[in-house]
Protein chains: 2
Amino acid sequence: MATTQPAAADRPATIHDIAALCGVAASTVSRALSTPDRVNIRTRQRIQAAAAQLHYIPNSQAKALSSGRTGAVGVLVPDITNPFYFDLIRGTQLQLKAAGYTQLLVDTEESDEVEASTVEQLRKSADGIIVAASRLSDDALLAAAAKMPLVTINRDVPGVPAVLIDTPSATSQALDHLISLGHTRIAYMAGPLTSQSSTRRWTTLSGAAEERGVEVRRLGPFAPKKQSGAAAADAAVHSGVTACIAFNDLIAIGMLQRLRERGIRVPEDMSIVGCDDIFGADFCNPPLTTMASPIEQAGRVAVSMLLARLNPLAGGGARNRSVMPTHLTVRGSTGPAPLV
Amino acid sequence: MATTQPAAADRPATIHDIAALCGVAASTVSRALSTPDRVNIRTRQRIQAAAAQLHYIPNSQAKALSSGRTGAVGVLVPDITNPFYFDLIRGTQLQLKAAGYTQLLVDTEESDEVEASTVEQLRKSADGIIVAASRLSDDALLAAAAKMPLVTINRDVPGVPAVLIDTPSATSQALDHLISLGHTRIAYMAGPLTSQSSTRRWTTLSGAAEERGVEVRRLGPFAPKKQSGAAAADAAVHSGVTACIAFNDLIAIGMLQRLRERGIRVPEDMSIVGCDDIFGADFCNPPLTTMASPIEQAGRVAVSMLLARLNPLAGGGARNRSVMPTHLTVRGSTGPAPLV
DNA sequence: CAAACTATGGCAACCGGTTGTCATGGTTCG
DNA sequence: CGAACCATGACAACCGGTTGCCATAGTTTG
């Protein structure tokens, strides 16, 4: 137990301690541990034994500094308290851990400036970046992607690898669902102006509405938070629509709460469709009809794409675009249009 | 714009680039940037100008390696998808960022092994650690705290600085609330056996029950997830109690769903009390009576305690224990005991 | 048996900063 | 006017690894 070696204070062991213990050079220890083939099997085993005995743990800082690889990947999300990102984060975390990488999670607070400076920071302390729902401009994103490996989630910029969640097509499903229930006056409760998802969704939706000959108006923008739901609900009621497709579940759930307060029944008086199927969408009152997609998997895919880019070994064909399917999950918040 | 300097490839600038540009030694640049008083004001300004021009960003790895300080703090949570931790994480993130630190968030997956190895990892790559709801033994925690600055949240081990959320006393409030509604047969739906919070809460609760002459039985343990609520609900119904105090809101919300499926009305047939007031507790059906506390603030306080320990400048009196108040928030899931 | 090759381990530079120590030159003071 | 002192900046070691290059010795080959 108690080591009688000269080194081994209470301070963590280094390769030099191992080297001294084994009577070899530090570089040999380094090789034995990271390029085992480069070292004779007997020395290697001696070194590995010594490493275990000393509870050696490589210093990741030093490793990063000398090798240029940090073994970390930055994950940027606009709002850590938005349940949508929970599953995403878990997905990235699991996949990164499986590959031996560390996740650096940063909340960019929906600010493009924080996002930009974080990207700059991470340039040194991470091998790559995953950016969810970026608030940066296309140009800024392209520039960032040129400087270091970067994968976006829910942000489509030509030339930047991306995982896209196909909410636009789900939006059409939602529209058809509402039409089949007899709704003809429908509103889209828009998300932030800087959100590309919101814009894409609106484009699809208004196109589909025209094809089908129904009226869909756009209201908002609304912040993607539950509190914004109150304003959204009031706007919807005032506009005279009978159904709403909300930018996301947070807004939708906020609307449910507000409508209840105002004595407006869902779905009898008003139907509501959310997006994302976040935690809570299944147990709110009434349960929310929403557009669901495999978010955790989206995180995993993003990590895979990034790692493929970091280690371009075999495989070659690293896709740089992946679209996650989305489907409508119908629950209690949508129903037949009122007869009025 | 275009620099004519010899250095300045596309690679990020280093202090050496700045030194070359200004005609001084690298060490002078380092001092000008981190110990401004140590350098003549004119040289300093020249250096600062050059740094700005070169878009110099210090390499945190190198900084960490040479100075021993990483500027990062590890935050360990057992389950990143548990909404309880959202606010906590946001609290630590905000407070850390304000102090110029980076947050390293790790999901330990409710595993003591993952937790232990993470702590060991972080010993080199972080200046300190905040551990929420640790699954480690008292001894392991003490040992870890001896090796590096560490603050726990919701884990009371003598000798280890901690932020405690006073759910035990809120549990008594919950019990009194139920008693005042006429309930006499009450169940506590326990959390994981390794959770100290759950144990403390049960101790308080059974003590209080005895004092007040009501029967409180312990059921479980249940995993702190929504899915466990089904089993919990069934167990509660089978045991014949009229009210339940759940380990946390996830279990409570899961119970609500299951009871609804089984046609058991809440609160008419069964009252439910949760704990934590997580996202969703206010909009589930019925809204959940629960024990609320300032979670985000708990995160901030934990960070403050840790930083006070890292930089023991003035102030001196760094507390090593802080208790966050908790109170009962009554909503729709509790009501008068059935008359049967 | 010499030449050529391979496996193995050491040396030393390097990653990008920090920091202790020392030399220089200008001030202040007795 | 010389001694003591202070401000300032350079030098170099160091943090803990990685990696290119070289020397050695053993093996294979012609």
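Reminder, nothing fancy here: chain letters follow the sequence lines and each chain counts from 1. Quick caveat: nothing in here was measured; it's all calculated off a predicted structure.
If you take CZ of A:R123 and P of C:dG16, they are 12 Å apart, rounded to a whole angstrom. The nearest whole Å value for the distance from the CD1 atom in A:I15 to the P atom in C:dG9 is 15 Å. Distance, B:H16 NE2 to C:dC14 P: 11 Å, rounded to whole Å. For the pair B:N59 CG and C:dC14 P, the interatomic distance rounds to 17 Å; values are reported in whole Å. Distance A:K124 NZ to C:dG16 P: 8 Å, rounded to the nearest Å. The distance between atom CZ of A:R69 and atom P of D:dT18, rounded to the nearest whole Å, is 8 Å. Atom CZ in A:R31 sits about 8 Å away from atom C1' in D:dT18, given to the nearest Å.
For DNA chain C, the residues of residues 32-48 of chain A within the heavy-atom distance limit of 4.0 Å (strictly under) are A:R38, A:V39, A:N40, A:T43, sorted by number.
Closest-nucleotide positions on DNA chain C for B:T28 and B:Q61 were compared, and the one nearer the 5' end corresponds to B:Q61. For the pair A:L65 and B:S27, both in contact range of DNA chain C, the more 5′-proximal nearest nucleotide belongs to A:L65. With the nearest nucleotide of DNA chain D identified for both A:K63 and B:A62, B:A62 has the one nearer the 5' end. Residue B:G23 is the one, among B:S67 and B:G23, whose nearest nucleotide of DNA chain D lies closer to the 5' end (criterion: closest heavy atom).
OP1 or OP2 of C:dT18 sits under 4.0 Å from a side-chain N or O of B:S30.
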Exercise. Do B:D107 and A:K97 pass the salt bridge (charged side-chain N to carboxylate O under 4.0 Å, His left out) test, and can you show the C-alpha distance, the side-chain angles, and the key distance before you say yes or no?
Worked result: CA-CA 10 Å; B:D107 181 343; A:K97 179 176 292 186; over 6 Å; no

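Under the 4.5 Å side-chain criterion, counting only non-hydrogen atoms from C-beta, A:E296 is in contact with A:L94. Side-chain contact between B:V160 and B:L142: present, with at least one pair of heavy atoms (C-beta onward) separated by less than 4.5 Å.
Using a distance-only test at 3.5 Å, with no hydrogens or angles considered, a donor-acceptor pair links the side chain of A:T70 to the main chain of A:D127.
In B:E113, the CD atom is not crowded: 12 or fewer heavy atoms of neighbouring residues, nucleotides or ligands sit closer than 6.0 Å.
Each of A:V106, A:I129, A:V114, A:T108 was checked for a side chain to side chain contact (heavy atoms under 4.5 Å, CB included) with A:V119, and the lone residue meeting it is A:I129.
Judged by distance alone, the side chains of B:Q103 and B:T92 do bring a donor and an acceptor atom under 3.5 Å apart.
Within the 4.0 angstrom heavy-atom criterion, only backbone atoms of the sugar-phosphate kind lie near A:T14; the bases stay farther away.
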